[in-house]
Amino acid sequence: MSNKPIYVTQPYLPPLEEFIPYLEQIWDNKILTNNGPFHKQLEQALCDYLGVEHLALFTNGTIALVTALQALRISGEVITTPYSFVATAHSLLWNNIKPVFVDIDPDTCNLDPDRIEEAITPQTTAIMPVHCYGNPCAVERIQKIADTYGLKVIYDAAHAFGVQYKGESLLKHGDLSVLSFHATKVFNTFEGGAIVCPDARTKQRIDYLKNFGFADEVTVVAPGINGKMNEVQAAFGMLQLEHIDEALKRRLEIEARYREALADVAGISLLPPPPDTHGNASYFPILVDDDYPLGRDALYQKMKDAGIHGRRYFYPLISDMPMYRGLPSAMAENLKHAHQIADRVICLPIYPSLLDEQVDAVAALIAKAK
Ligand code: T4K
């Protein structure tokens with residue numbers, strides 16, 4: 001194996017020459033942004049690929065989250081998970097909404113549906129769960145709670161590109177789902193994101209909001225933001241779609257190889273494969289137990305010393321960050337499972353160009369560490 005460092009991920013990039021004809025088209029027609037031809041094509045192509053009705057492209061996933069909350073006029077308190085990338089909760093603060101953290105189910109790392117109802121108050125307007133690592137949340141239970149209490153559900157589906165649950169797109173659940181197409185994601189447009197929505201009227205409103213609130217040349221209907229995806233990103237997305245099946249297939253092979261190699265390593269636990277799910281192997285988390293010869297941080301460092309850059313996604317918890325830790329729901333007693341997982345997790349390298357021998361070397365280092 002070469003001595004080049006191995007990172008937790010590496011973006012999928014198609015052969016450069018395949019991108020040139022796309023750039024030539026942009027240079028010819030001189031439409032660089034503002035719902036240009038590639039933007040329109042990619043919205044339709046992604047709807048077809050993902051099996052969803054409507055989708056609005058964005059410049060990144062975070063602006064898409066912020067806009068999703070505005071599109072549904074969410075205010076007051078929103079129930080969410082502390083075990084995520086910080087953008088999930090930041091999108092609430094950007095809208096002056098109070099996050100209410102609820103503990104996770106340690107088998108899925110997603111919001112524990114048994115803990116949601118006790119966190120609902122008269123100020124609660126929505127639930128924002130995350131399909132962490134692409135593992136489906138308890139979507140039916142969450143919808144039932146939302147229906148009972150009259151709440152909206154916005155899924156942070158940043159990790160869930162292409163995930164099928166019970167034979168259908170996971171993105172069909174909830175009122176809205178938000179994707180990220182960041183460089184580190186399964187499907188990337190360098191930066192990028194999208195909101196998946198159920199009807200044309202909601203998409204229309206989202207499209208106004210991502211374009212400063214313009215409904216036509218002279219009418220501004222909301223204090224919208226500039227959240228538009230540009231034509232280079234959208235063209236790149238069209239090209240990426242040609243390769244996505246191959247990229248997902250390789251990810252799943254790597255996931256299976258890790259699972260087999262690590263299944264019997266004493267002191268290392270893996271998350272159970274989620275039921276009824278065809279996943280996307282976007283991340284490969286392992287949990288370092290007390291009976292492993294090294295603590296989590298010692299193993300993380302040992303891997304790093306060997307040039308294997310795993311990541312502790314998601315440590316520290318969002319609820320421990322300075323802008324959140326004063327909230328009553330951020331108290332450690334309220335979030336026991338989230339703390340236990342955050343203190344034990346390492347995400348191993350997983351990406352399409354990772355070689356079998358590299359996967360084996362990562363697994364061997366973990367199996368032999370003393
Ligand atoms: N919600 C959730 C649940 C999310 O996970 C995210 C993003 C969002 C919302 C927000 O979506 P966006 O607004 O980002 O579209 C990364 C990403 O920046 C972030 O997008 C992602 N989640 C988060 C989980 O991971 P970092 O700070 O860990 O990234 P960084 O730069 O350390 O990259 C990790 C490794 O990937 C590097 O060590 C090397 C490799 N890499 C990275 C980049 C950017 C490359 O090889 N090439 C690259 O271009 O946050």
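- The shortest heavy-atom contact between Leu13 and Phe190 is CD2-CE1, 4.3 Å.
- Arg344 and Asp290 are not joined by a salt bridge, as no carboxylate oxygen comes within less than 4.0 angstrom of a charged side-chain nitrogen.
- Expressed to the nearest 0.5 Å, how far CG of Leu32 lies from CD1 of Ile26 amounts to 7.5 Å.
- Without hydrogens or angle criteria, Asn60 side chain to His182 main chain gives no donor-acceptor distance under 3.5 Å.
- A centroid separation of 6.0 Å or more is found between the aromatic rings of Tyr12 and Tyr351.
- A donor-acceptor pair under 3.5 Å links the side-chain atoms of Asn280 to the main chain of His159, judged by distance alone.
- Note that the CG atom of Asn334 and the NE2 atom of His339 stand 9.0 Å from one another [nearest 0.5 Å].
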Derivation and outcome, side-chain contact (heavy atoms from CB on, under 4.5 Å), residues Val345 and Arg296: CA-CA 7 Å; Val345 72; Arg296 186 274 307 270; 4.0 Å; yes

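- In this structure, the side chain of Asp291 does not engage the main chain of Ala266 through any donor-acceptor pair within 3.5 Å.
- Looking only at distances, no side-chain donor or acceptor of Glu53 sits under 3.5 Å from a matching main-chain atom of Asp199.
- Checked by atom type and distance alone, the side chain of Tyr22 never pairs as donor or acceptor with a backbone atom of Ala234 at under 3.5 Å.
- Using modelled atom types, one side-chain atom of Thr121 and one backbone atom of Gln123 make a donor-acceptor pair closer than 3.5 Å.
- Aromatic pair Phe161/His131: ring centres not closer than 6.0 Å.
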Asp289 and Ser269: CA distance, side-chain angles, deciding distance, side chain to side chain donor-acceptor pair (under 3.5 Å) verdict: CA-CA 7 Å; Asp289 302 331; Ser269 304; 2.6 Å; yes

Tyr49 and Asp245: CA distance, side-chain angles, deciding distance, side chain to side chain donor-acceptor pair (under 3.5 Å) verdict: CA-CA 10 Å; Tyr49 182 79; Asp245 285 335; 2.7 Å; yes

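- In this structure, Glu260 does not pair ionically with Arg257, as no charged nitrogen and carboxylate oxygen lie closer than 4.0 Å.
- The backbone N or O of Gly224 sits nowhere less than 3.5 Å from a side-chain atom of Lys210 that would complete a donor-acceptor pair.
- For the residue pair Gln301 / Asp305, a side-chain donor-acceptor distance below 3.5 Å is found, with atom types taken as modelled.
- Ring-plane geometry between Tyr133 and Tyr83 is classed as perpendicular, the angle between the planes exceeding 60 degrees on a 0 to 90 degree scale with a lower cut at 30.
- The residue from Asn34, Thr33, Thr59 that alone fulfils the side chain to side chain donor-acceptor pair (under 3.5 Å) condition with Lys228 is Asn34.
- Between Glu253 and Arg250, at least one side-chain N (NZ, or NE/NH1/NH2) sits under 4.0 Å from a carboxylate O, which counts as a salt bridge.
- The shortest non-hydrogen separation linking Asp103 to Lys336 is OD2-N, 3.0 Å.
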Full working for salt bridge (charged side-chain N to carboxylate O under 4.0 Å, His left out) between Asp114 and Arg141: CA-CA 9 Å; Asp114 287 333; Arg141 297 230 8 231; 2.8 Å; yes

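- The distance from the CD1 atom of Ile79 to the CG atom of Leu151 is 6.5 Å, given to the nearest 0.5 Å.
- With sequence neighbours left out, the side chain to side chain contact (heavy atoms under 4.5 Å, CB included) criterion links Asn95 to Val66, Leu69, Gln70, Ile97.
- Summarising the geometry of Phe58 relative to Ile63, their closest heavy-atom pair is CD2-CG2, 3.9 Å, with the distance given to 0.1 Å.
- Of the candidates Thr67, Leu171, Leu72, Leu72 is the only one forming a side chain to side chain contact (heavy atoms under 4.5 Å, CB included) with Leu176.
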